[in-house]
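Input: a single structure, listed below in structure tokens.
For the numbers below, each heavy atom of this structure counts, side chains included, while hydrogens, waters and symmetry mates do not. A, B, ... follow the sequence lines: proteins, then strands. Residue 1 opens every chain. This one's a predicted model, so the numbers in the text were calculated from it and none came from an experiment.
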Amino acid sequence: MDPGEGGSPAAPSTSIAAPAFRAGPGADTREDAGKQVVVILVGPPGSGKSTFAEAVMAAAAGRPWARVCQDTIGKGKAGTKIQCLKAAADALKEGKSVFIDRCNLEREQRSDFVKLGCTVQADVHAVFLDLPAKVCISRSVSRTSHEGNVQGGMAAMVVNRMLKNKQAPLLTEGFSRITFCTDDDDIKKAVDMYSALGPSHSLASGVFGQKSKGPVQTGIMKFLKKADTSSVNKSSGTMVTSSERKTGQQNTTLKQENLEAGGACSMQVEKKLDNLKEKEEQSKERVSSDTSLCTLAFPSISTADFQFDLEKASEVIVDAATDFVQKHDNVRLVLVDLSQKSRILSLVKDKAAKKSFDSSRFFTFVGDITQLHSKGGLQCNVIANAANWRLKPGGGGVNAAIFNAAGEALQHATKECADTLRPGNSVAVPVPSTSPLHQQEGVTHVIHVLGPNMNPMRPDCLKNDYTKGCKVLHEAYNSLFENFATIAQSYTGKQNDETSSRKSASGVISPNDSKTKREGSDDSERTKKYNSMGSSDAPNQAREEDNKKNAAVTNKTWGSWAQSLYEVAMHPEKYKNADSILEISDEFVVLKDLYPKAKRHVLVISRTDGLDSLADVKKAHLPLLRSLHSAGLKWAHKFLEEDASLKFRLGYHSVPSMRQLHLHVISQDFNSPSLKNKKHWNSFTSAFFLDSVDVMDEVDQHGSATINPDEKLLAMELRCHRCRSAHPNIPKLKSHIAACKSPFPSHLLKKDKLLSASTMRAGCS
DNA sequence: GTTCTAGAAC
DNA sequence: GTTCTAGAAC
């Protein structure tokens, strides 16, 4: 069989498949008919778009390039988008490949340029110059002769405004290749790659260079590995379409050919494999191109770690799923499992076969639920997660895989929507557009589901009560599918409405929507019912474990320099004459911070021995936390009487540097020479700073505070705590905050987290 | 050249 | 937590 048959262009027989150069991941160039390329450079001012295009054009390997720059298109001055589109179309007609050199950070802004590719059948690529905001600001602030006049003091504002709305390019926009560059090294590699892209070469398709997840390997080596293990079906799913079945057969034939040839014709084999790979990708395309159906991929709930009987679970799945697809149009449900030998898949397949419904709208699929698009060719807008009750990552299985694949963004987005989940319930979380799961797999929502548990080692064990178990499992699937239907509805409605689908993707459809839903009467009824079923005290055990873990965190050794607060707390009388001690009680000492990070900054130090930090705090300490809080409030009020322009926050550092639990009372001007570095700034303005009111709530509800000990929080880029603008360094940040009059973020206005003269008055009245 | 950051030592 | 300082960034 000739693998070249079937319409893919035959490569020149004299050429070799492997490129003569290789410039980093994804530089999998092939010689072929020589398509033109439209490269859309995406990045804010200062990200180096023009430099990129100029560098490639200066070193280009024979391919004719044109650079379309909006900043110069009007006779050397800034022009319009229309002018750019026309110039690009003209250059393409002349046979040139084109760099689109305008920011194009939003999907809508670049969509017309993506369409250009269709007119001349050119490949459309995106190169996303996704450098840290502070680098772009820094560069654009300092440049003196920018073509578009984005320089000097205005630059920071422009860059910040643009970055607020940035949307990373997605394959679904119509790009055949997306290259992420997050530092100068990435940029250099990408420049080298495009420079070496000769007129008859083309670059491999896919997403390359995303740091959070390895590049999607689409090179020939991956395919060779596949061919060696004959595992095409295993990795690309069992929803064997006719085209895929054909590919599988070709693959086997090819392997035999290779063996017979004894490897002597390895070049030819490589070439054939290359063609086959393309064909395989085309077949994937056919599977995934059915985008008229909003698709939910879901794992079997409760049958893994929760040890729910597979036979019974499969009945529930088939019942709930077939019922759902019969009632809803334009949706597909796909039950996914990793292994081809999956018993739950075969049970479901068998049971579903006995029912009459449209089998293209509910089927099973073998593959990794986090890589359905890239590895399995199955486009799913929504995936379900078999979550734990705390909605926390880890624990192994699907939950760990999904949180891993989605990155931290999903953890934060989840936290926005819900803190915990009861068995039988689900919560839909919009996947942030920054998440690799969104960018690489096109997943816009993850729905966390908690099913019934039959494992005595896990919380809420139903002790083999399958009457309740099946009921709760049914509720879990119904809740999942209902949530999916809501998403599908908005999705279908917005398919032709780019703007609103963008909002949905970036999470502007407020997470509160799902929160409201979650807390709706239906759910609370269910929760009540479930509670009355006599759930075990296992969640408390889990919390107990949490507390132990937290204690272990604090089991660190404190340096001698970290002991001073402990000394003051244990023996305040020794220091009572010092100016810095403001108040001493049995429970706490109030101390002026020796190195205040704002105009007013005091510490309310607990006097309980052994309570080193927040991680040691348990429910029994709640009265103490309340005492510390009211002492803090009292002092904040006193300071507000002296200066009504101040605002205060009361809170704890997630991981304090000084031993002995202490509450910070700090004014929000951050006007102090002692605030010197990034760590200082981020420790008071990022999630590292835990508001006292939240801490008390959590300790009250869960017996401990949720601590995010992530050091990355302290290393984050410098952003204004009011308007969230980014700044390249501390001095620039400080001059900005001295002038910034933006309102504080809304989350601080809730629960009186931000104290001001007016909230104080309101509190008194 | 100066400014600024980040890591080591305390 | 701070101070000191090498060296990166400008």
Side-chain angles (χ1 to χ4, degrees), chain A residues 45-48 51 131-146 150-153 155-156 159 182-188 553-554 556-570 575 578 580-581 589-598 600-606 611-616 651-666 670 672-686 688-690 707 709-720 726-738:
Chain A
S47 57
T51 317
L131 305 181
K134 68 171 200 175
V135 172
C136 302
I137 291 170
S138 186
R139 284 181 189 168
S140 47
V141 164
S142 56
R143 63 186 168 191
T144 50
S145 59
H146 179 246
V150 177
Q151 62 190 53
V159 172
T182 53
D183 56 34
D184 289 341
D185 194 41
D186 289 349
I187 293 176
K188 191 183 173 305
V553 171
T554 25
K556 66 176 188 182
T557 44
W558 300 88
S560 57
W561 48 263
Q563 303 286 350
S564 45
L565 297 184
Y566 175 76
E567 280 303 310
V568 172
M570 293 304 115
Y575 308 89
S580 53
I581 299 243
V589 178
V590 181
L591 180 74
K592 277 191 204 168
D593 195 302
L594 186 59
Y595 299 94
K597 305 300 183 294
R600 293 291 191 184
H601 184 188
V602 301
L603 308 176
V604 185
I605 311 165
S606 150
L611 204 57
D612 288 347
S613 76
L614 204 52
D616 302 322
Y652 300 87
H653 280 159
S654 293
V655 183
S657 302
M658 306 283 276
R659 177 184 176 190
Q660 196 65 11
L661 180 72
H662 55 280
L663 172 75
H664 289 268
V665 178
I666 184 163
F670 297 109
S672 162
S674 295
L675 197 156
K676 291 177 177 170
N677 58 45
K678 191 179 260 190
K679 190 175 171 182
H680 292 154
W681 177 255
N682 284 329
S683 74
F684 288 103
T685 58
S686 74
F688 189 85
F689 188 82
L690 303 170
I707 291 162
D710 198 342
E711 290 289 320
K712 276 187 228 145
L713 287 172
L714 298 175
M716 289 193 312
E717 58 186 354
L718 298 166
R719 286 190 175 272
C720 172
H727 300 269
N729 54 49
I730 287 285
K732 294 214 165 66
L733 171 77
K734 285 182 128 182
S735 50
H736 167 82
I737 56 170

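K134(A) has its NZ atom 10 Å from the P atom of dA9(C), to the nearest Å. Rounding to whole angstrom units, CD1 of residue I137(A) and P of dA9(C) are separated by 17 Å. Summarising the geometry, the separation between CG on N729(A) and C1' on dC10(C) is reported as 10 Å, rounded to the nearest angstrom. Spacing between atom CD of Q563(A) and atom C1' of dG1(C) amounts to 12 Å, rounded to whole angstrom units. What separates NZ of K679(A) from P of dG1(C) is a distance of 6 Å, to the nearest Å. The distance from atom NZ of K678(A) to atom P of dA9(C) is 12 Å, rounded to the nearest whole Å. As rounded to whole Å, 13 Å separates atom P of dT5(B) from atom CH2 of W681(A).
With a 6.0 Å radius and a threshold of 12 heavy atoms from other residues, nucleotides or ligands, K732(A) has its NZ atom at or below the threshold.
A search for ring-ring contact (aromatic ring centres under 6.0 Å, His included) contacts involving Y566(A) returns nothing, not counting sequence neighbours.
Between dG1(C), dA6(B), dC4(B), one nucleotide has an atom nearer to the side chain of S657(A) than all others, and that is dG1(C). Listed candidates were dA6(B), dT2(C), dC4(B). Nearest to the side chain of K597(A) is dT2(C). Here dT5(B) is the nucleotide among dG1(C), dT3(C), dT5(B) with the atom lying nearest to any side-chain atom of I730(A). Listed nucleotides dC10(C), dT5(B), dG1(C) differ in distance to S138(A); the shortest reach to its side chain belongs to dC10(C). Among the nucleotides dC4(B), dA6(B), dG1(C), the one closest to the side chain of P731(A) is dC4(B).
Under the stacking criterion of a centre-to-centre distance below 5.5 angstrom and an interplanar angle below 30°, W561(A) sits stacked against the six-membered ring of dG1(C).
Listed pair H680(A) / dG1(C) fails the phosphate criterion, with no side-chain N or O lying under 4.0 Å from OP1 or OP2. Using a 4.0 Å cut-off, some side-chain N or O of K676(A) falls inside it from OP1 or OP2 of dT3(C).
H653(A) and F684(A) have their aromatic ring centers within a separation under 6.0 angstrom.
Rounded to the nearest 0.5 Å, atoms NZ (K592(A)) and CD1 (I581(A)) are 11.5 Å apart.
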Output, in order, the C-alpha distance, side-chain angles, deciding distance and verdict of side chain to side chain contact (heavy atoms under 4.5 Å, CB included) for L565(A) and L591(A).
CA-CA 9 Å; L565(A) 297 184; L591(A) 180 74; 3.7 Å; yes

